[in-house]
Amino acid sequence: MKNGHRKTVLVAGGAGFLGSHLCERLMSDGARVVCLDNFQTGRRENLRRLEGREGFELVTADVVDPLPPKLAKMRFDRIYNLACAASPPLYQADPEHTLLTSVLGTQHLLKLAEECGARFLQASTSEVYGDPDSHPQLESYWGNVNCTGPRACYDEGKRAAETLCFDYDRLGRAEVRVVRIFNTYGPRLDASDGRVVSNVVSQALAGEDITIYGDGSQTRSFCYVDDEIDGLVRLMEYDGPQPGPVNIGNPSERTIRELVDLVLAMTGSSSEIVFHPLPTDDPKRRRPDIAKADRLLGWRPTTPLEMGLRATIAWFEGRDGERRSRDESARLTAAE
């Protein structure tokens, strides 16, 4: 709330990993929140804490299609666009839909922002940098992207979405903010989505072989979800002149092998490590330069990797416990 005005906020992709955490943060800040999701990768259970609460509404729709008429009748103050599958196995499963989500979906939401005068935040990605030959990655770096490879539906879709956003801003049609999100982890990661933290944690807890692609020397920078969400909100509420794209991620760089060893130690798992070929166009190094976020937003991540992993592991353990309880209940019911 600001000056007694309660903001109304639309979160596209609000049932996803990041989206659901964002919805909770906005509700705790006093906003009215409308969550828009097609549940292609989002999960209803992610909204368990929100459904039924005053000030929260769920709209089921796909941003690739024309937006539901009811949204055009609402006056939004802010629109966050997080609508797009974000893990390689999921966005490559339907590459046409992935590309259209980034292009048509972003256009539909930008038009809505134009019509109601809402400030618009586009969730872009570090994948716009491709497999970078510049390190760490600054926002001024134009990237090294294979525009016809298996990751292009996502990488090029996000790059095109950024183009749309900045064109709308230059033409005075909408006030936009663009965040480039780096690897983020935490509770509500989907164990089956193919991202490295969810893969490693779920395999370690299950006692399964842990898969490392390549030799494990490739690097990532892991940002805990609460820190990431705080960066998104700070950027949305930045009232200065157009800042251009802003990296939000953790500048602490770790190899995949370091991550695996840490998870094994924290879980006490006896899982073995198996190595597979590196996927096509998988980046070898990834680390954000966050000087702009620090300077403009006063933002830096504060959660150490070990602390964030502890919370993530506990969440995965809780899900495993719930699943075993459901299975046992179903077995007993079937035996009656």
Side-chain angles (χ1 to χ4, degrees), residues 18 80-82 84 86 88 102 106 119-147 149 151-152 154-170 175-185 195-197 217-256 258-259 281-305 308:
L18 284 179
Y80 288 84
N81 181 20
L82 282 71
C84 192
S102 288
T106 300
R119 185 179 289 174
F120 183 92
L121 183 137
Q122 170 67 18
S124 191
T125 171
S126 61
E127 296 300 323
V128 300
Y129 300 123
D131 188 6
D133 48 22
S134 174
H135 194 77
Q137 290 80 58
L138 287 84
E139 291 89 349
S140 57
Y141 176 56
W142 288 357
N144 177 37
V145 176
N146 178 354
C147 63
R151 302 169 71 102
Y154 183 72
D155 300 1
E156 294 294 345
K158 288 291 190 177
R159 288 161 70 97
E162 287 195 15
T163 300
L164 272 173
C165 288
F166 288 117
D167 282 338
Y168 263 72
D169 193 276
R170 272 188 289 267
E175 184 182 14
V176 307
R177 303 287 183 260
V178 172
V179 57
R180 290 177 177 167
I181 296 171
F182 283 67
N183 291 69
T184 307
Y185 71 99
R195 284 184 268 202
V196 61
V197 172
S217 64
Q218 67 271 34
T219 66
R220 296 293 183 269
S221 304
F222 302 106
C223 188
Y224 188 62
V225 62
D226 290 352
D227 292 330
E228 191 71 40
I229 295 301
D230 185 57
L232 268 62
V233 173
R234 286 180 185 233
L235 179 57
M236 175 65 97
E237 298 307 319
Y238 174 70
D239 290 327
Q242 173 54 247
V246 178
N247 291 335
I248 297 290
N250 195 319
S252 176
E253 189 176 8
R254 303 284 189 116
T255 68
I256 300 301
E258 285 178 317
L259 174 71
D281 298 329
D282 195 59
K284 311 299 188 301
R285 300 188 74 184
R286 181 76 84 223
R287 187 181 69 164
D289 183 301
I290 61 167
K292 183 190 280 191
D294 191 6
R295 184 178 73 253
L296 296 181
L297 312 176
W299 180 88
R300 296 190 71 86
T302 60
T303 306
L305 180 60

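Since the structure is predicted, the reported quantities are computational estimates derived from the model, not experimental observations. What you see below is based on every heavy atom in this structure, not just the backbone, and it leaves out hydrogens, waters and symmetry mates.
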(request) Examine distances only and state if a side-chain atom of D281 and a backbone atom of N146 form a donor-acceptor pair shorter than 3.5 Å. (result) no

(message) Just verifying a value: how many Å separate T184 OG1 and D226 CG, rounded to the nearest 0.5 Å?
(response) 11.0 Å

(request) Apply side-chain hydrogen bond (donor to acceptor under 3.5 Å, both in side chains) to the pair T302 and D227, showing each step before the final yes or no. (result) CA-CA 7 Å; T302 60; D227 292 330; 3.2 Å; yes

(request) Tell me, with the steps shown, if Q122 and V176 meet side-chain contact (heavy atoms from CB on, under 4.5 Å). (result) CA-CA 7 Å; Q122 170 67 18; V176 307; over 6 Å; no

(request) Look up atom CG in L235 and atom OH in Y80, then write down how far apart they are to the nearest 0.5 Å. (result) 8.5 Å

(request) I would like to know whether V196 and F222 meet side-chain contact (heavy atoms from CB on, under 4.5 Å); could you show each step before the answer? (result) CA-CA 10 Å; V196 61; F222 302 106; 3.6 Å; yes

(request) With rounding to the nearest 0.5 Å, note down the distance linking OG in S140 to CG in D289. (result) 8.5 Å

(message) Determine whether a donor-acceptor pair (N or O, by modelled atom type, separation under 3.5 Å) exists between the side chain of R300 and the backbone of I290.
(response) no

(request) Sequence neighbours left out, what passes side-chain contact (heavy atoms from CB on, under 4.5 Å) with S252? Give chain and number order. (result) N250, R254

(message) I'd like to check Y154 versus T125 (side-chain heavy atoms, cut-off strictly below 4.5 Å). Are they in contact?
(response) yes

(message) Below 30° counts as parallel, above 60° as perpendicular, anything between as tilted: where do the rings of F182 and Y129 land?
(response) tilted

(message) If the test is side-chain contact (heavy atoms from CB on, under 4.5 Å), which one of V233, V246, L296 qualifies with Y238?
(response) L296

(request) Considering non-hydrogen atoms only, spot the tightest contact between P251 and G249 and give its length. (result) CD-O, 3.6 Å

(message) I'd like to know if E237 and R177 make a salt bridge, using a cut-off of under 4.0 Å between side-chain N and carboxylate O.
(response) no

(message) Just verifying a value: how many Å separate R170 CZ and C165 SG, rounded to the nearest 0.5 Å?
(response) 10.5 Å

(message) Among residues at least two apart in sequence or on other chains, which ones pass side-chain contact (heavy atoms from CB on, under 4.5 Å) with T255?
(response) T219, R257, E258

(request) Find out whether L82 and I181 are in side-chain contact, i.e. whether some heavy atom of one side chain is under 4.5 Å from a heavy atom of the other. (result) no

(request) For residues L297 and G231, report the shortest heavy-atom separation together with the two atoms involved. (result) CD1-O, 4.2 Å

(request) Using modelled atom types only, decide if a donor and an acceptor are shared between the side chain of R287 and the backbone of E253 within a distance under 3.5 Å. (result) no

(request) Not counting sequence neighbours, which residues clear salt bridge (charged side-chain N to carboxylate O under 4.0 Å, His left out) with R159? List them please. (result) E156

(request) Report yes if the side chains of I248 and E228 come closer than 4.5 Å at any heavy-atom pair, otherwise no. (result) yes

(message) Distance check, rounded to the nearest 0.5 Å: N247 atom CG versus E139 atom CD?
(response) 3.5 Å

(message) Less than 4.5 Å apart, side chain to side chain, heavy atoms only: is that true for S126 and P288?
(response) no

(request) Enter the distance from Y141:OH to H135:NE2 here, rounded to the nearest 0.5 Å. (result) 11.5 Å

(message) So does M236 get a backbone contact from the side chain of R119, meaning a donor-acceptor N/O pair under 3.5 Å?
(response) yes

(request) List for me each residue that meets side-chain contact (heavy atoms from CB on, under 4.5 Å) alongside S124, sequence neighbours excluded, and say none if there are none. (result) V128, K158, E162, V178, R180

(message) Can you list everything that forms a side-chain contact (heavy atoms from CB on, under 4.5 Å) with D131? Sequence neighbours excluded, please.
(response) N144, P283, K284

(request) Salt-bridge test for R220 and D282: reply yes if a basic N is under 4.0 Å from a carboxylate O, no otherwise. (result) yes

(message) Does any part of the side chain of Y185, heavy atoms only, come nearer than 4.5 Å to the side chain of L305, both counted from C-beta?
(response) yes

(message) Can you give me the closest heavy-atom contact between C84 and S102, atom names plus distance?
(response) SG-OG, 3.8 Å

(request) List in chain and number order the residues that pass salt bridge (charged side-chain N to carboxylate O under 4.0 Å, His left out) with R295, two or more places apart in sequence or in another chain; answer none if no residue qualifies. (result) none

(request) Spell out, as yes or no, whether a donor-acceptor pair under 3.5 Å connects the side chain of Q137 to the backbone of R286. (result) no

